[in-house]
There are 2 protein chains.
Amino acid sequence: MTRLWDVGADNQPHVDGDVVTKAGQARPTLADVAKRAGVSGSTASIAFSGVGSISEATRSRVLRAADELRYFGPDPRARSLRQGRSGIVGVVLEDRVLHSFRDPMTIAVLDGISQELDAEHGGMLLLTSTGVGESTIQSAVFDAAVFLGCSPHLRRSIEVMRQRNIPMVAIEGQPFDGVLSVALDNREASARLAAHLHGLGHRAVATVTLPMDARRELLELDASVVAGATTAVSIDRLAGAREVYPALGGFVAANSSSDEGYAAGLRVLGAGGGSGRPTAIMAQSDLLAVGVIRAAESLGLRVPADLTVVGFDGARIEGLSDHDLTTMVQPATEKGRAAGRAVTELLAGEHPPDVAFTCDLHIGTTSGPPHR
Amino acid sequence: MTRLWDVGADNQPHVDGDVVTKAGQARPTLADVAKRAGVSGSTASIAFSGVGSISEATRSRVLRAADELRYFGPDPRARSLRQGRSGIVGVVLEDRVLHSFRDPMTIAVLDGISQELDAEHGGMLLLTSTGVGESTIQSAVFDAAVFLGCSPHLRRSIEVMRQRNIPMVAIEGQPFDGVLSVALDNREASARLAAHLHGLGHRAVATVTLPMDARRELLELDASVVAGATTAVSIDRLAGAREVYPALGGFVAANSSSDEGYAAGLRVLGAGGGSGRPTAIMAQSDLLAVGVIRAAESLGLRVPADLTVVGFDGARIEGLSDHDLTTMVQPATEKGRAAGRAVTELLAGEHPPDVAFTCDLHIGTTSGPPHR
DNA sequence: GGCCGCTATCGAATCGATTCGATCGGCCCA
DNA sequence: TGGGCCGATCGAATCGATTCGATAGCGGCC
């Protein structure tokens, strides 16, 4: 029967039925608590924050008053204005949430971040960098930002944050001034993987790459695509592979999923027909590789007898049935952890260095010498 | 020569070698912009927010001044204090981020939420409800909260939010006063699934349930576990199945994963040995079902010839090899969407009703009549 | 010609806390 | 006994915007 303020939008207190304890009894503030406890606002603040000295008697008097008024602690908004800190870390995803979450690497990285943040910080604010969202990035409350594969169109947001002294960490993004980088040596790893194939005897190799730019469609990998590429990861992995196979061609996937891998796999394998067909396919992610294997098998090719397929990531995807994918295993959770730690340090005023990780080559059962 | 604000933690100004335009040129505020444009703060505010009338000439003068000072718009913290709105929606997960993200249902729900929020709101703040995290829930800045499978130990946080007039929506949680509920009719769906098995002729049936309480360990399903259960979903799904099989027993999994399903499957199938072995197993999630199938196959049982296995969710998990899992398909993304819409409406001061969804029975290839 | 009403603008109050500097005792030690 | 110091407390300033009420100017209408 009594509801003192509306669930509604604005702050306007609004009495709406009935009995009321005291006049104007809107949501209590620290000042109300202080008054009731008979202390000043500053003292009441200390009772809650614990910063500064206060006698035990006073503290408990304040807390009791708070209890009586059903005051549950300082308003986070006011606190964050005054302190300049909100305890929130923004995580900027390139894609729509769904796509990002379907990628096991992204999830592992997010988990790593959250492991390191749990203790001190309030939570991860998920933001997307696509179109409209960008204004959001500039109007949301957070203390530090982590970019997951940020592309250059974030330039303006980055400038805004820099101006606001918001520390930034980029995981696998293009290096930006003032943005700490946590990355993999994708080029070296990819070259090592290509060398493995070369060592097995493969000479006719094709690739299925991750998206190269904001366009999200299946494209043939040609010079113009590479020239206009903005995605550092794809570029570096391609460059590494081309250290071994300079003319490496193939297709650019629309996203990292096994369905895309399947589609791209069909194109790669269909194109050549007989003799033009590659003996090995390097997919830039494990999800893509799984799709490529499905495509190969649907065309009656056996892996690895007729076709070698290697991935990248070390995602340990379930349901590859009998295959154990040959891939470069990257420390995804560790990348997230490193980013989380970097955020913590930056917020503490330290100046941690960039972080670079390397990959481990996992030789599974999907790679072997070329047929005949 | 002077830069007043360091990237560092606290607000302490800190000079560190640089060119400077004017003394005390810290991060500019709206007041600085107003002064430079020769207008009052209120007018400058209108120029940015667009709320209120302003002449085109004045507006552009303000914007030009802002440009010159490299002022990029109002500080989100101050704005959120004044307006009482931050544009952030808190999403409270029961588990650690990693576990939540490994569950395809959770991801689908999150995606649904974000679809509906994209337009108006700033982003999703991920919070976890475990232990320490709870204080975080009370000290983080957000306008509305969505609980994903919230358990009773959140009672206090819920009280705090209610007191702060933060609208709350619970997806698949216990009904709480003042918390809008978006849920599935788990009981009905589970009963329907059980009826399907009964119709096929199964009489010896066992179950592998989702966790029943905060303990996360593999347990035998007995009366005491059920009595102490706190997780609405598990309870309801069990109750539904027991409408058809009143004495239904089995095991309680530690989490929803195929590994757990495997472990639980071994226990269920190992226990009885020959004649006591069930002819069908109802798993409370598809992930668990996948594990149960693996367990069955590792024991030399064929599905569905020797054992029928059904799941719940309709997760379309890749890598079930040849099986098409019989399951109750729930509209997970829709649940998220409904929650997102509810949040929007609640924030607009409306009073939307609870939402209930139903499931579709998908009959795949993992269920059939009992052997012999 | 006077009044009405609208637009553009301003000044001051406000959101709810934290924090800086000052004050006031009490206690210790010389 | 007095100086110095430390702990507890208070008042006032501050964080950076938004918003309310008031005012000035100006055109239109009767």
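Please read all numbers here as calculations on a predicted model, not as lab measurements. Side chains are part of it too, since the values below use all heavy atoms of this structure and drop only hydrogens, waters and symmetry mates. Letters A, B, ... are given to chains in the order of the sequence lines, protein chains preceding strands, and every chain is numbered from 1.
If you check every strand for non-hydrogen atoms under 4.0 Å, A/Thr58 touches sugar and phosphate atoms only.
When the nucleotides D/dA17, C/dT19, C/dG16 are ranked by their closest atom to the side chain of A/Gln83, C/dT19 comes out on top.
We find that CZ of A/Phe72 is positioned 17 Å from C1' of C/dG16, with the value rounded to whole Å. The CZ-P distance, from B/Arg164 to C/dG16, rounds to 12 Å in whole Å. We find that CG of A/Asn165 is positioned 15 Å from P of D/dC15, with the value rounded to whole Å. As rounded to whole Å, 7 Å separates atom P of C/dG16 from atom CG of B/Leu81. The distance from atom CZ of B/Arg61 to atom C1' of C/dA8 is 11 Å, rounded to the nearest whole Å. Atom-to-atom, CG of A/Leu30 to P of D/dT14 comes out at 20 Å; the value is rounded to the nearest Å. Between A/Gln138 atom CD and D/dG16 atom C1' there is a gap of 18 Å when expressed in whole angstrom units. If you measure from atom NZ of B/Lys35 to atom P of C/dG11, you get 12 Å, rounded to the nearest angstrom.
Across the interface with DNA chain D, nearest-nucleotide mapping of A/Glu56 and B/Arg77 shows A/Glu56 to be the residue nearer the 5′ end.
B/Arg79 has no side-chain polar atom (N or O) that falls below the 4.0 Å cut-off from OP1 or OP2 of D/dA17. OP1 or OP2 of D/dA17 sits under 4.0 Å from a side-chain N or O of B/Thr29.
Rounding to the nearest 0.5 Å gives a distance of 9.5 Å between CZ of A/Arg337 and OG of A/Ser114. The distance from atom CZ of B/Arg27 to atom CG of A/Asn165, rounded to the nearest 0.5 Å, is 6.0 Å. Taken to the nearest 0.5 Å, the CZ atom of B/Phe142 stands 7.0 Å off from the CG atom of B/Leu125. Taking CD of A/Glu345 as the reference point, atom NE2 of A/His351 lies at 11.5 Å (rounded to 0.5 Å).
Near DNA chain D, meaning a heavy atom under 4.0 Å away, the residues from residues 37-55 of chain A are A/Gly38, A/Val39, A/Ser40, A/Ser42, A/Thr43, A/Ser53, A/Ile54, A/Ser55.
Contact of B/Arg82 with C/dT14 (side chain to base): a donor-acceptor pair of N or O atoms is detected under 3.5 Å.
Distance alone, capped at 3.5 Å, places no donor-acceptor pair between the B/Asp143 side chain and the B/Arg85 backbone.
Side-chain atoms of B/Phe101 and A/Asp111, non-hydrogen and from C-beta on, never get closer than 4.5 Å to each other.
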> Going through the checks in order, is the side chain to side chain contact (heavy atoms under 4.5 Å, CB included) test met by B/Leu117 and B/Thr344?
Replying inline: CA-CA 7 Å; B/Leu117 294 184; B/Thr344 308; 4.2 Å; yes

